[in-house]
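Below you'll find the structure, written out as structure tokens, and then a few comments.
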Amino acid sequence: MTPLDAETTLEPTDKVLVRGACPHDCPDTCALLTTVQDGRATKVQGNPAHRPTDGVLCTKVSRYAERTYHPERLLTPLKRSGPKGAGQFVPVTWDEALDDIAGRLQAIAQVNPEAILPYSYAGTMGQVQGEAMAGRFFHQLGASLLDRTICASAGAEALTQTLGNKVGMKVEFFAESRLIVIWGSNSIGSNVHFWRLAQEAKRQGAKLVCIDPRKTETADKCQVHLALRPGTDAALALALMHELIVHDWLDHDYIAQHTLGWDALRERALQWPPERAAQVCGLEVAQITDLARDWGTTKPAAIRLNYGMQRVRGGGNAVRAIACLPALTGAWRHRAGGVLLSSSGHFPVRRAALQRPDLLGTRQPRTLNMSTIGDDLLRPAAPDFGPAIQALVVYNSNPMAVAPQSGKVVQGFAREDLFTVVLEHFQTDTADYADYILPATTQLEHWDIHTSYGHTDVLLNRPAIAPVGQARTNTDIFRALAARMGFEEPCFADDDLTLCRAAIGDEADFAQLLEHGFASLPVPDAPFAQGGFPTASGRCEFFSARLAAQGQDGLPDHLPNYEVPAASDRYPLAMISPPARNFLNSTFVNVTSLRAVEVEPLLEIHADDAQLRGIAHGDVVKIFNDRGEYHCKAHVSDRARPGVVHGMGIWWRKFGLNGTNVNQLTSQHLTDMGRAPVFYDCAVQVARWG
Ligand SMILES: Nc1nc2c(c(=O)[nH]1)N[C@H]1C(S)=C(S)[C@@H](COP(=O)(O)OP(=O)(O)OC[C@H]3O[C@@H](n4cnc5c(=O)[nH]c(N)nc54)[C@H](O)[C@@H]3O)O[C@H]1N2
Ligand SMILES: Nc1nc2c(c(=O)[nH]1)N[C@H]1C(S)=C(S)[C@@H](COP(=O)(O)OP(=O)(O)OC[C@H]3O[C@@H](n4cnc5c(=O)[nH]c(N)nc54)[C@H](O)[C@@H]3O)O[C@H]1N2
Ligand code: SF4
Ligand SMILES: [Mo]
């Protein structure tokens with residue numbers, strides 16, 4: 001059985017392997033091979049020919065066929081038949097749904113199209129089923145623009161200010177590193193293909209260090225674990241610099257030739273002796289000085305930074321501070337040295353060709369931040385805001401579960417005068433509040449093009465099966481709406497293969513994708529061995545003139561969390577809410593075999609904090625602050641340090657004991673850079689319940 005070639009046509013009885021790409025928001029962007037027999041997908045596996053995938057998928061996506069044929073999969077368009085949020089719907093035809101939706105949107109657009117807001121994120125990371133046809137549709141309409149900040153924009157902005165773009169080490173060379181610092185990431189859970197490389201390095205004698213408030217599965221397997229307090233990473237990074245300076249573990253030549261702002265950074269770092277940082281971070285001084293020695297004296301040394309550590313007020317500053325460390329020691333000289341947060345800046349993405357912002361013409365609609373959707377849905381029309389939001393079109397996202405301060409989000413979605421359309425696979429918490437739910441295809445049912453933020457390959461996803469039920473692709477739904485709204489621009493007739501081609505731009509490159517399913521970008525092995533950073537100065541910018549011009553500190557510094565709890569406070573515990581290993585954000589929460597592993601929503605709490613509150617393992621607890629409360633089971637566990645609790649995410653609210661999830665507690669504060677949410681900067685109290 002060989003994978004399907006470019007022009008093969010399927011006979012319904014053939015057993016074939018179809019090449020695809022994992023659509024999920026995960027740095028690994030695996031190449032998939034789907035076995036199809038009699039038109040049905042029977043198995044989804046990793047493609048062994050694709051190096052980064054190496055034939056292996058995570059547990060979640062190995063269950064993709066189970067998810068695709070899930071008995072609760074949405075099969076027809078649905079129209080609301082009960083009160084908002086009650087989840088009561090009746091099936092309607094596509095024509096009925098699309099005609100009504102187009103009519104409602106048109107009526108709003110005639111008064112002010114900015115009252116319409118698209119809301120989407122990375123349910124699929126595909127360039128085509130993501131923002132291609134959707135972008136065209138909303139640009140032509142003149143709808144409000146969405147600032148897609150919910151995940152990575154603090155770190156992305158910080159990395160761009162420091163290195164010039166979202167660029168870094170090539171992931172495969174971590175296997176050759178002698179020291180790997182895994183910073184703010186639970187690689188085993190969320191970046192398992194990198195973890196395989198880290199283990200390979202460990203077998204060759206490398207030291208692995210994990211920096212994470214939570215004693216994760218990854219921390220268990222690293223030789224060293226620094227369980228710092230949430231939101232104190234910049235203090236730690238500055239103290240490491242302090243030690244590099246006083247012990248002269250610096251690469252003076254690299255600093256002189258390839259960095260900017262060293263004198264200023266040196267002065268800043270000298271204000272951070274390890275004793276000061278140890279107090280802020282809640283670490284032992286020796287933990288900091290040992291790590292500094294390791295970083296200063298081991299070559300090659302590499303940092304796998306991830307997005308977990310930038311979800312706090314000072315998240316951008318922390319990423320900036322950490323991104324400076326490789327330049328100080330010249331770690332970039334070696335292909336197995338440097339830092340990797342995201343590789344997505346290596347990809348020449350043809351966003352304008354796909355999303356057509358030019359369709360706006362001279363119109364300049366407002367931009368709303370997806371991370372403050374709770375507040376924004378509740379805002380009335382105002383000169384500094386524009387019209388109240390009257391219609392929401394949600395696709396590739398489940399804001400009711402994933403957006404911060406969900407009490408507000410629920411209130412917003414519950415507005416009687418809000419018209420809400422949700423394109424989904426399942427009746428999520430968000431879909432419960434829709435006026436129309438439209439059934440969308442999954443990755444097994446549509447074409448797409450994928451870039452990656454963890455490696456440097458482009459992948460093509462082919463449909464393996466026909467759409468399940470009456471599901472339609474996101475693109476097709478927006479095409480159909482465009483036709484009903486009378487949009488005559490020829491770009492609305494582009495089919496998905498045309499969009500895939502437009503994403504790639506080059507016919508020869510596309511032919512290669514059709515034939516092999518993936519292709520590597522020509523990125524040098526050691527991209528910054530001789531400097532050449534994509535910043536304005538061509539250097540690694542310790543000092544950012546651009547940030548300074550915006551009135552910000554041009555140098556990285558430690559910014560304390562918005563909510564730094566003290567033992568005597570009303571809300572004395574810091575809560576973080578990292579993802580559960582067997583879910584992907586709120587996706588897969590309804591897949592029986594995966595839910596069976598995660599069992600139920602839970603809060604990890606240290607024995608000292610539990611004892612103080614009379615909480616035993618398995619008790620139901622109430623976690624609360626001024627924003628709301630969330631009930632779940634307590635896991636008394638040494639995964640938590642005293643003073644910090646972990647509300648493992650991201651369950652659907654409807655699976656919660658009191659119909660909420662952890663985001664009932666998080667705030668709509670934003671990060672120092674990138675306007676991102678601060679999910680892990682959240683003070684709470686915990687008490688036994690019932
Ligand atoms: N299984 C699984 N994989 C996923 C996801 C998922 O939901 N499930 N989500 C995907 C998505 S959307 C993303 S963005 C990536 C995220 O990928 P990562 O950024 O690697 O995220 P996590 O693995 O959740 O790691 C976050 C870690 O940061 C820790 N942390 C929390 N606060 C701090 C802090 O202040 N400092 C430090 N140093 N650490 C802190 C948490 O305890 C957690 O272990 O993962 C992707 N992969
Ligand atoms: N407390 C807390 N909150 C968090 C986080 C955290 O760590 N803690 N993490 C944050 C992060 S990193 C992220 S990225 C966000 C993620 O937030 P979202 O991007 O909203 O991610 P999901 O919850 O996975 O929801 C994606 C939805 O898209 C749907 N979908 C998938 N493919 C398609 C498709 O092709 N078409 C259509 N129409 N729908 C599709 C899925 O069924 C799923 O319901 O959550 C954030 N929220
Ligand atoms: S979620 Fe990540 S690890 Fe799992 S199959 Fe997709 S890309 Fe690979
Ligand atoms: Mo994310």
Side-chain angles (χ1 to χ4, degrees), residues 25 27 119-122 125 130-131 144-168 183-185 230-234 237 305-324 339-345 347 349 351 366-376 397 399 402-405 453-454 534-536 540-563 576-577 585 663 666-682:
D25 188 348
Y119 195 97
S120 67
Y121 200 64
M125 298 279 288
E131 302 307 327
S144 287
L145 302 171
L146 186 72
D147 200 1
R148 294 185 171 80
T149 55
I150 204 159
C151 168
S153 60
E157 172 74 10
L159 201 68
T160 302
Q161 295 295 350
T162 314
L163 304 182
N165 203 341
K166 291 174 273 177
V167 290
W183 204 321
S185 176
T232 61
D233 302 85
L305 190 58
N306 220 324
Y307 286 111
M309 50 84 64
Q310 43 105 62
R311 301 196 165 103
V312 294
R313 176 182 170 223
N317 268 273
V319 169
R320 269 185 46 68
I322 295 163
C324 294
V339 58
L340 175 63
L341 170 59
S342 169
S343 57
S344 64
F347 293 87
V349 185
R351 236 174 243 119
R366 66 178 169 188
T367 300
L368 297 178
N369 186 344
M370 70 185 303
S371 301
T372 50
I373 186 68
D375 277 345
D376 287 350
S397 184
V402 304
Q405 200 174 0
Y453 61 100
T535 52
C540 171
E541 297 197 351
F542 298 152
F543 179 85
S544 165
R546 258 164 310 161
L547 284 177
Q550 292 166 19
Q552 297 214 44
D553 193 343
L555 289 171
D557 203 355
H558 167 63
L559 289 186
N561 279 2
Y562 288 110
E563 301 184 359
I576 58 173
S577 45
N585 300 321
N663 278 322
T666 53
S667 76
Q668 293 179 79
H669 287 305
L670 299 178
T671 49
D672 53 351
M673 292 171 207
R675 307 161 306 281
V678 294
F679 293 114
Y680 304 166
D681 180 345
C682 176

Ser577: what forms a side chain to side chain donor-acceptor pair (under 3.5 Å) with it, not counting sequence neighbours?
none
Using a 4.5 Å cut-off on heavy atoms from C-beta on, say whether the side chain of Leu341 contacts that of Trp183.
no
Quick one: closest heavy-atom pair of Ser371 and Pro677, and the distance?
OG-CD, 3.2 Å
Report the residues that fulfil side-chain contact (heavy atoms from CB on, under 4.5 Å) with Gln405, sequence neighbours left out, ordered by chain and then residue number.
Lys408, Arg627, Gln668
Can you measure from CG (Leu146) to OG1 (Thr367) and round to the nearest 0.5 angstrom?
8.5 Å
Applying side chain to side chain donor-acceptor pair (under 3.5 Å), name anything that partners Arg351, two or more places apart in sequence or on another chain.
none
Might you point out which heavy atoms bring Gly231 and Asn561 nearest each other, and give the distance in Å?
CA-OD1, 3.4 Å
If you apply the rule side-chain contact (heavy atoms from CB on, under 4.5 Å), what do you find for Asn369 with Leu670, and how did you get there?
CA-CA 10 Å; Asn369 186 344; Leu670 299 178; 3.7 Å; yes
Checking the side chain of Arg311 only, and the main-chain atoms of Thr671 only, is there a donor and an acceptor separated by less than 3.5 Å?
no
For Ser342, side-chain contact (heavy atoms from CB on, under 4.5 Å) partners two or more places apart
Lys166, Tyr307, Ser344, Tyr453
Got a sec, which residues hit side-chain contact (heavy atoms from CB on, under 4.5 Å) with Asp376, two or more places apart in sequence or on another chain?
Leu368, Thr372, Arg379, Phe385, Ile389
Summary of salt bridge (Lys or Arg N to Asp or Glu O under 4.0 Å) pairs that have at least one residue in residues 672-681, sequence neighbours excluded
Asp147-Arg675
Between Phe543 and Ala548, what is the shortest heavy-atom contact and its length?
CZ-CB, 3.8 Å
How close do Asn317 and Leu559 get, heavy atom to heavy atom, and via which atoms?
ND2-CD1, 3.8 Å
Residues two or more places apart in sequence or in another chain: which of them pass salt bridge (charged side-chain N to carboxylate O under 4.0 Å, His left out) with Asp25?
none
Do Tyr119 side-chain atoms and Met370 backbone N/O form a donor-acceptor pair below 3.5 Å?
yes
Going through the distances and angles, do Leu163 and Val339 end up as a side-chain contact (heavy atoms from CB on, under 4.5 Å)?
CA-CA 10 Å; Leu163 304 182; Val339 58; 4.3 Å; yes
My understanding is that only residues two or more places apart in sequence, or in another chain, count here; which of them pass ring pair (Phe, Tyr, Trp, His ring centres under 6.0 Å) with Tyr562?
His669
Quick check: does any side chain N or O of Gln310 sit under 3.5 Å from a backbone N or O of Cys151, one acting as donor and the other as acceptor?
yes
Minimum-distance pair of heavy atoms, taken over all atoms of Ala676 and Ala154:
CB-N, 3.9 Å
So do Pro27 and Asn306 actually touch side chain to side chain, heavy atoms under 4.5 Å?
yes
Listed by chain and number, what are the side chain to side chain donor-acceptor pair (under 3.5 Å) partners of Ser144, not counting sequence neighbours?
Arg366
Just jot down the salt bridge (charged side-chain N to carboxylate O under 4.0 Å, His left out) partners of Arg313, sequence neighbours excluded, or say none.
none
For the residue pair Pro556 and Cys324, what are the closest heavy atoms and their distance?
CG-SG, 4.4 Å
Note, Phe679 side chain near Asn663 side chain (heavy atom, < 4.5 Å)
yes
Main chain of Gly454, side chain of Ser343: is a donor-acceptor contact present, judged purely on distance under 3.5 Å?
yes
For Met309 and Ile322: C-alpha separation, side-chain torsions, deciding distance, then whether side-chain contact (heavy atoms from CB on, under 4.5 Å) applies.
CA-CA 11 Å; Met309 50 84 64; Ile322 295 163; 3.1 Å; yes
Check side-chain contact (heavy atoms from CB on, under 4.5 Å) between Gln161 and all other residues, then give those that pass, not counting sequence neighbours.
Glu157, Arg320, Ser544, Arg546, Leu547, Gln550
Can a donor-acceptor pair be found, under 3.5 Å and without considering hydrogens, that links the side chain of Thr666 to the backbone of Pro404?
no
Sequence neighbours excluded, the answer for side chain to side chain donor-acceptor pair (under 3.5 Å) partners of Ser397 is none
